[in-house]
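The structure under discussion appears below in the form of structure tokens.
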Amino acid sequence: MKTRDKIIQASIELFNEHGERNVTTNHIAAHLGISPGNLYYHFRNKEDIILSIYEEYARNLLLETFPQVSPDIKPLDAIILYMDAVFQAMSKFRFFYANLPVLLSKNPLLREKYVEVQHFISERVSDMMLSLRDADMIQFEDEELSDLVSILRLVNTFWLSFYQTQTMNTEIESSVFYEGVLKILSIIRPYTTEKALPEFVKAREMYLERHQEAKQAS
């Protein structure tokens, strides 16, 4: 692995474990056993590292894991794949979500890239919701689509921050991510058609089981 990639991976690990605010470039260099000068050869500062991490996050979510709406994928499967992809990304880059407003305010270029990616994600989620409606699995009015998509993405984006403010134990276990998926399913449930209800219930039971198994394992 190249030194630049090692710096990115080590930074993700340290930011997740200790919080981005508590980790300096010197900490990262010491963790890798390299000189600060070697680190600065690849990155100008910590904000530059975070920007590169976000680019990896966006590539990971949008190009590698974000499901495409297609005739080969059932609509409900697409939304489940979407939730899995989002929460897997949140698990890997959880420091980013835990301190999102501050990170964006400190780095205008990061904010610009973040907003650009979020617009793209919003379009993809809208496509999935429309595909669910076309398949007669959920029902909503055209004017509800924007709000519905915003609420789904709001829970996805800020679930970790919300969770950490509701408990004395701020450690993020895998059960927390499954709990987030269950919140998403609760939002979709009132829109579910009678035809799709059995499949919806099956999906919810699957995540309930995963959530319980993860809690027992932690």
Side-chain angles (χ1 to χ4, degrees), residues 57 60-62 64-94 96-98 100 117-167 169-218:
Y57 155 82
N60 178 270
L61 179 60
L62 297 181
E64 297 175 12
T65 61
F66 203 110
Q68 297 280 354
V69 175
S70 73
D72 299 327
I73 301 178
K74 292 180 180 179
L76 187 58
D77 288 345
I79 203 76
I80 289 173
L81 288 169
Y82 158 68
M83 290 188 293
D84 277 345
V86 168
F87 282 102
Q88 284 173 16
M90 287 177 64
S91 177
K92 183 175 180 181
F93 303 99
R94 55 188 177 275
F96 188 80
Y97 288 91
L100 181 59
V117 169
Q118 294 308 304
H119 282 312
F120 185 78
I121 291 176
S122 182
E123 291 176 0
R124 299 280 285 273
V125 176
S126 295
D127 289 343
M128 285 192 295
M129 298 309 292
L130 289 171
S131 73
L132 282 168
R133 188 175 68 173
D134 291 342
D136 194 28
M137 301 192 77
I138 61 174
Q139 293 178 338
F140 57 85
E141 301 298 328
D142 288 342
E143 58 269 22
E144 295 180 285
L145 177 61
S146 177
D147 286 341
L148 185 54
V149 169
S150 293
I151 292 169
L152 291 173
R153 294 181 55 244
L154 179 66
V155 174
N156 279 333
T157 303
F158 294 105
W159 167 244
L160 288 187
S161 297
F162 174 79
Y163 174 84
Q164 290 181 309
T165 64
Q166 305 302 305
T167 176
N169 179 18
T170 58
E171 187 174 352
I172 302 299
E173 305 285 352
S174 58
S175 62
V176 177
F177 298 102
Y178 291 128
E179 191 173 344
V181 173
L182 290 168
K183 297 294 184 287
I184 295 292
L185 291 173
S186 295
I187 294 169
I188 297 173
R189 170 64 183 86
Y191 298 93
T192 306
T193 63
E194 185 176 349
K195 165 191 169 183
L197 189 57
E199 194 170 345
F200 177 89
V201 170
K202 183 178 178 181
R204 185 175 184 277
E205 288 175 347
M206 177 186 71
Y207 280 106
L208 272 172
E209 184 177 345
R210 290 183 182 179
H211 177 253
Q212 292 167 357
E213 289 174 350
K215 287 201 73 171
Q216 291 171 358
S218 61

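Computed from heavy atoms alone, side chains included, the values below leave out hydrogens, waters and symmetry copies. Keep in mind it's a predicted model, so treat the numbers as computed, not measured.
- The environment of Glu194 atom CD is sparse: at most 12 non-hydrogen atoms of other residues, nucleotides or ligands sit within 6.0 angstrom.
- Of the possible polar contacts, one joining the Thr193 side chain to the Asp136 backbone as a donor-acceptor pair under 3.5 Å is found.
- When all heavy atoms of Thr165 and Phe162 are compared, the closest pair comes out as OG1-O, 2.7 Å.
- The shortest side-chain heavy-atom distance between Glu144 and Tyr191 falls under the 4.5 Å cut-off.
- In this structure, Lys195 contributes its side chain and Ala135 its backbone to a donor-acceptor pair below 3.5 Å.
- Here the CG atom belonging to Asp142 is positioned 8.0 Å from the CG atom belonging to Leu130, to the nearest 0.5 angstrom.
- Side-chain contact check for Met129 versus Leu152: some heavy-atom pair is nearer than 4.5 Å.
- The CG atom of Leu148 lies 8.0 Å from the CD1 atom of Ile187; values are rounded to the nearest 0.5 Å.
- In this structure a side-chain-to-backbone donor-acceptor pair under 3.5 Å is missing from Thr157 to Tyr97.
- With a 4.5 Å cut-off on side-chain heavy atoms, Phe158 and Leu100 count as touching.
- The closest side-chain heavy-atom distance from Val201 to Thr192 is not below 4.5 Å.
- Nearest heavy-atom pair, Val149 versus Ser126, reported as atom, atom and distance to 0.1 Å: CG2-OG, 3.5 Å.
- The distance from atom CD1 of Ile188 to atom CZ of Phe140, rounded to the nearest 0.5 Å, is 10.5 Å.
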side-chain contact (heavy atoms from CB on, under 4.5 Å) between Gln118 and Ile121, intermediate numbers included: CA-CA 5 Å; Gln118 294 308 304; Ile121 291 176; 3.9 Å; yes
Worked verdict on Glu179 versus Lys215 for side-chain contact (heavy atoms from CB on, under 4.5 Å): CA-CA 10 Å; Glu179 191 173 344; Lys215 287 201 73 171; over 6 Å; no
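- Aromatic ring pairs are classed by plane angle as parallel below 30°, tilted from 30° to 60° and perpendicular above 60°; the pair Tyr178 and Tyr207 is tilted.
- Considering all non-hydrogen atoms of both residues, Val176 and Trp159 come closest at O-NE1, 2.8 Å.
- Separation of atoms OG (Ser175) and CD (Glu213) is listed at 12.0 Å; rounding is to 0.5 Å.
- Taking CG of Leu182 as the start and CE of Met206 as the end, the distance is 9.5 Å to the nearest 0.5 Å.
- The distance from atom CG of Leu197 to atom CE of Met137, rounded to the nearest 0.5 Å, is 10.0 Å.
- At a threshold of 4.5 Å between non-hydrogen side-chain atoms, the residues Arg204 and Leu208 count as touching.
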